Amino acid sequence: MDTASLRKSHKLENVCYDIRGPVLDHAKRLEEEGQRILKLNIGNPAPFGFEAPEEILQDVMRNLPTAQGYCDSKGLYSARKAIMQECQRKGIPGVGVEDVFVGNGVSELITISLQALLNDGDEVLIPAPDYPLWTAATNLSGGRAVHYLCDEQADWAPDLDDIRKKVTEHTRAIVIINPNNPTGAVYPPEVVRELLAIAHEHNLVVFSDEIYDKILYDGIEHVSTGSLAGDDQLVVTMNGLSKSYRCAGFRSGWMTLSGSIAKQRAQDYIQGLNMLASMRLCANVPAQHAIQTALGGYQSINDLVLPGGRLLAQRDITHEKLNAIPGVSCTKAKGALYAFPRLDPKVFNIQDDQQLVLDLLLQEKILLVQGTAFNWPEPDHVRIVTLPWAEQLDDALDRFARFLSRYRQ
């Protein structure tokens with residue numbers, strides 16, 4: 001009898017998702033021992049009192065009796081039509097109902113979109129820092145993630161020269177995360193146009209992750225990538241209900257295809273998307289009934305990001321407290337739900353940032369995520385979720401400052 005241990009697939013060797021990684025396992029153990037952990041590791045609005053609008057919940061409940069069977073593999077017609085109309089509002093041209101795919105969160109659609117595109121060895125340009133699912137899904141699809149740097153000194157804008165250097169004959173696509181997780185950057189239109197120009201020159205598919213497009217501060221406006229692209233560029237735009245509508249557990253996201261000329265050339269790729277969508281039958285049907293109401297109803301997110309709103313107050317206190325810590329600097333987030341502070345290597349000399357967040361967890365019962373988990377090349381950043389009440393953040397950041405004042409590796 002073969003007693004060798006059962007090993008995971010070789011395809012998973014280069015796949016990593018440390019937002020829910022080894023340090024979280026330690027946090028769960030502490031919780032099982034009765035300790036209370038402040039989880040600043042994941043952008044999950046509900047545990048911090050951000051509940052879905054009542055009208056969304058009512059629509060889902062009222063439609064439950066008719067949501068018991070499978071729907072079209074691309075999603076409910078009413079949901080896809082509402083998404084199509086949202087594209088019109090955002091100025092993304094040429095998106096019809098058949099160009100919309102509803103998925104079990106954007107996460108599923110990221111995986112589907114890359115699996116349908118990539119052959120072994122194909123390369124995808126992904127920002128550093130990134131939302132790590134893009135890198136993990138690229139690797140799992142047989143591709144190779146090539147990380148282009150974003151410049152902290154330029155409000156975390158993509159380094160265009162670095163991107164140009166990293167395009168090769170194997171490059172198939174570029175990922176744009178705007179508004180950005182984890183940095184909170186919101187790219188101005190001229191930067192997006194430059195990214196599109198590079199993609200056009202090298203015939204790259206553009207994946208635009210815009211899940212935070214309504215979480216914007218200080219009067220900043222978000223311009224959708226697809227609205228700036230020409231008809232001969234394929235832009236795959238990702239969005240959903242989890243953040244702006246506080247429906248993270250519903251797992252209801254969507255992707256849209258724009259670029260009318262480009263779509264004609266991409267029929268084989270689109271056939272692949274249809275095949276993968278059909279293989280999982282359909283997305284969660286009850287949650288799809290939330291989409292039309294969410295997009296067409298009162299946009300309560302504005303109450304949270306404008307002056308007097310919780311999210312703005314929490315962004316402000318996080319930025320202020322972090323920059324008051326000696327040796328810590330943090331670019332002010334223009335959007336999203338995070339801070340990505342830098343810990344000066346000359347002050348802290350951090351060699352292992354995962355060990356840093358583990359030590360913080362053990363000593364202060366605060367759970368963060370290390371910067372290298374977002375494919376940032378140096379162990380000198382952490383990501384902090386800004387969802388707790390301002391008073392909670394105030395206390396947590398005081399404890400973080402106390403921890404850093406005595407911490408050295």
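Here the structure is a predicted model, which means the values were calculated and not measured. For this chain, numbers begin at 1 and follow the sequence in order.
- Looking only at atom types and distance, the side chain of E31 has no donor-acceptor partner in the side chain of Q35 under 3.5 Å away.
- Heavy atoms of other residues, nucleotides or ligands lying less than 6.0 angstrom from NZ of K81 number 12 at most.
- Atom CZ of R36 has 12 or fewer heavy atoms from other residues, nucleotides or ligands within 6.0 Å.
- With respect to D398 and K321, a salt bridge is recorded, a charged nitrogen being found less than 4.0 Å from a carboxylate O.
- To the nearest 0.5 Å, atom CD1 of residue I110 and atom CE of residue M255 are 10.5 Å apart.
- By the 4.5 Å heavy-atom criterion applied to side chains, W156 and P129 are counted as neighbours.
- Note that R383 lies outside the cation-pi zone of F340, set by a 6.0 Å cut-off to the ring centre and a 45° limit from the axis.
- The two residues P47 and N44 make their nearest non-hydrogen contact at CD-O, 3.0 Å.
- Inspection of the W134 and D209 side chains reveals an N or O donor paired with an N or O acceptor under 3.5 Å.
- By the neighbour-count criterion of 12 heavy atoms within 6.0 Å, atom CD of Q271 is sparsely surrounded, having that number or fewer from other residues, nucleotides or ligands.
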Verify side chain to side chain contact (heavy atoms under 4.5 Å, CB included) between V305 and L216, making sure each step is shown before the conclusion. CA-CA 6 Å; V305 299; L216 306 165; 5.8 Å; no

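- At a threshold of 4.5 Å between non-hydrogen side-chain atoms, the residues V382 and V369 do not count as touching.
- Distance CD/E210 to NZ/K243: 15.5 Å, rounded to 0.5 Å.
- If you check the side chains of Q351 and N349, you find a donor sitting under 3.5 Å from an acceptor.
- Checked by atom type, the side-chain pair N239/D213 shows a donor-acceptor distance below 3.5 Å.
- H381 contributes atom NE2, which lies 6.0 Å from atom CH2 of W376 (distance to the nearest 0.5 angstrom).
- Checked for salt-bridge contact, E33 and K365 miss the test: no charged N lies under 4.0 Å from a carboxylate O.
- Within the 3.5 Å criterion, the main-chain N or O of Q363 finds no donor-acceptor partner in the side chain of R399.
- In this structure a side-chain-to-backbone donor-acceptor pair under 3.5 Å is present from T183 to A185.
- Side-chain polar atoms of S252 and Q288 form no donor-acceptor pair below 3.5 angstrom.
- Donor-acceptor pairing under 3.5 Å is recorded for the side chains of D353 and T372.
- Distance alone, capped at 3.5 Å, is enough to place a donor-acceptor pair between the T66 side chain and the N63 backbone.
- For CZ of R7, the number of neighbouring non-hydrogen atoms (other residues, nucleotides, ligands) closer than 6.0 Å is 12 at most.
- Checked against the 6.0 Å centroid threshold, Y212 and Y338 count as a close aromatic pair.
- Within a 6.0 Å sphere centred on CD of Q355, other residues, nucleotides and ligands contribute more than 12 heavy atoms.
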Should R62 and E55 be marked as a salt bridge (Lys or Arg N to Asp or Glu O under 4.0 Å) after you check the CA-CA gap, both sets of side-chain angles, and the distance that decides it? CA-CA 11 Å; R62 286 174 181 166; E55 61 180 354; over 6 Å; no

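- Looking at heavy atoms from C-beta onward, E123 lies out of side-chain contact with K166 at the 4.5 angstrom threshold.
- Partners of A173 under the side-chain contact (heavy atoms from CB on, under 4.5 Å) rule, at least two apart in sequence or in another chain, are L117, V124, V205, F207.
- Annotation for Q314 and P388: closest pair CD-O, 2.8 Å, computed over non-hydrogen atoms.
- For A82, the side-chain contact (heavy atoms from CB on, under 4.5 Å) partners are Q292, L295, not counting sequence neighbours.
- In this structure, the side chains of D359 and F403 come closer than 4.5 Å at one or more pairs of heavy atoms.
- Stacking of R80 on the aromatic ring of W254 is not recorded, the 6.0 Å distance cut-off and the 45° axial limit not both being met.
- Under a 3.5 Å cut-off, the side chain of E108 and the backbone N or O of G103 do not form any donor-acceptor pair.
- Side chains of Y245 and Q299: a donor on one and an acceptor on the other come within 3.5 Å.
- Remark: side-chain polar atoms of D162 are paired, donor with acceptor, to backbone N or O of L149 under 3.5 angstrom.
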Kindly indicate, with the supporting measurements, whether the criterion side chain to side chain contact (heavy atoms under 4.5 Å, CB included) is fulfilled by D344 and S329. CA-CA 8 Å; D344 189 340; S329 58; over 6 Å; no

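- Atom CG in L356 sits 5.0 Å away from atom OH in Y407 (nearest 0.5 Å).
- Counted by atom type alone, N375 and D130 present one or more donor-acceptor pairs between their side chains at under 3.5 Å.
- Remark: side-chain polar atoms of D122 are not paired, donor with acceptor, to backbone N or O of R172 under 3.5 angstrom.
- Across all their heavy atoms, A339 and T318 have their closest contact at CB-CG2, 3.8 Å.
- Contact of the S300 side chain with the R246 side chain is registered, since non-hydrogen atoms from C-beta on lie closer than 4.5 Å.
- Judged purely by atom type and a 3.5 angstrom limit, N323 uses its side chain to pair as donor or acceptor with the backbone of C330.
- Using a 4.5 Å cut-off on side-chain heavy atoms (C-beta onward), T331 and D155 make contact.
- A cation-pi geometry, defined here as NZ or CZ lying under 6.0 Å from the six-membered ring centre and within 45° of its normal, holds between R315 and Y217.
- Checked by atom type and distance alone, the side chain of D218 never pairs as donor or acceptor with a backbone atom of I220 at under 3.5 Å.
- Side-chain polar atoms of Q85 and R89 form no donor-acceptor pair below 3.5 angstrom.
- Remark: Q392 CD to I366 CD1 distance equals 10.5 Å, nearest 0.5 Å.
- In this structure, the separation between CG on L40 and CG on L397 is 8.0 Å, given to the nearest 0.5 Å.
- Residues N274 and F101 have side chains in contact (heavy-atom distance under 4.5 Å, counting atoms from C-beta outward).
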Run the side chain to side chain donor-acceptor pair (under 3.5 Å) check on Y298 and D303 step by step: do they pass? CA-CA 10 Å; Y298 178 69; D303 300 332; 2.9 Å; yes

Determine, step by step, whether D25 and V23 satisfy the side chain to side chain contact (heavy atoms under 4.5 Å, CB included) criterion, reporting the C-alpha distance in whole Å, the side-chain angles of both residues, the deciding distance to 0.1 Å, and the verdict. CA-CA 5 Å; D25 294 336; V23 179; over 6 Å; no

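- The neighbour count for E190 CD, taken as heavy atoms of other residues, nucleotides or ligands under 6.0 Å away, is above 12.
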Evaluation steps, side chain to side chain contact (heavy atoms under 4.5 Å, CB included), between I126 and V146: CA-CA 6 Å; I126 300 174; V146 177; over 6 Å; no

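- In this structure, the side chain of Q409 does not engage the main chain of I350 through any donor-acceptor pair within 3.5 Å.
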Taking it one step at a time, do H319 and T386 satisfy side chain to side chain donor-acceptor pair (under 3.5 Å)? CA-CA 10 Å; H319 178 257; T386 59; over 6 Å; no

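- A salt bridge does not link R164 with E201: every distance from a Lys NZ or Arg NE/NH1/NH2 to an Asp or Glu carboxylate oxygen is 4.0 Å or more.
- With D59 contributing its side chain and I56 its backbone, the two residues share no donor-acceptor pair below 3.5 Å.
- For the pair K332 and D316, the minimum side-chain heavy-atom distance is below 4.5 Å.
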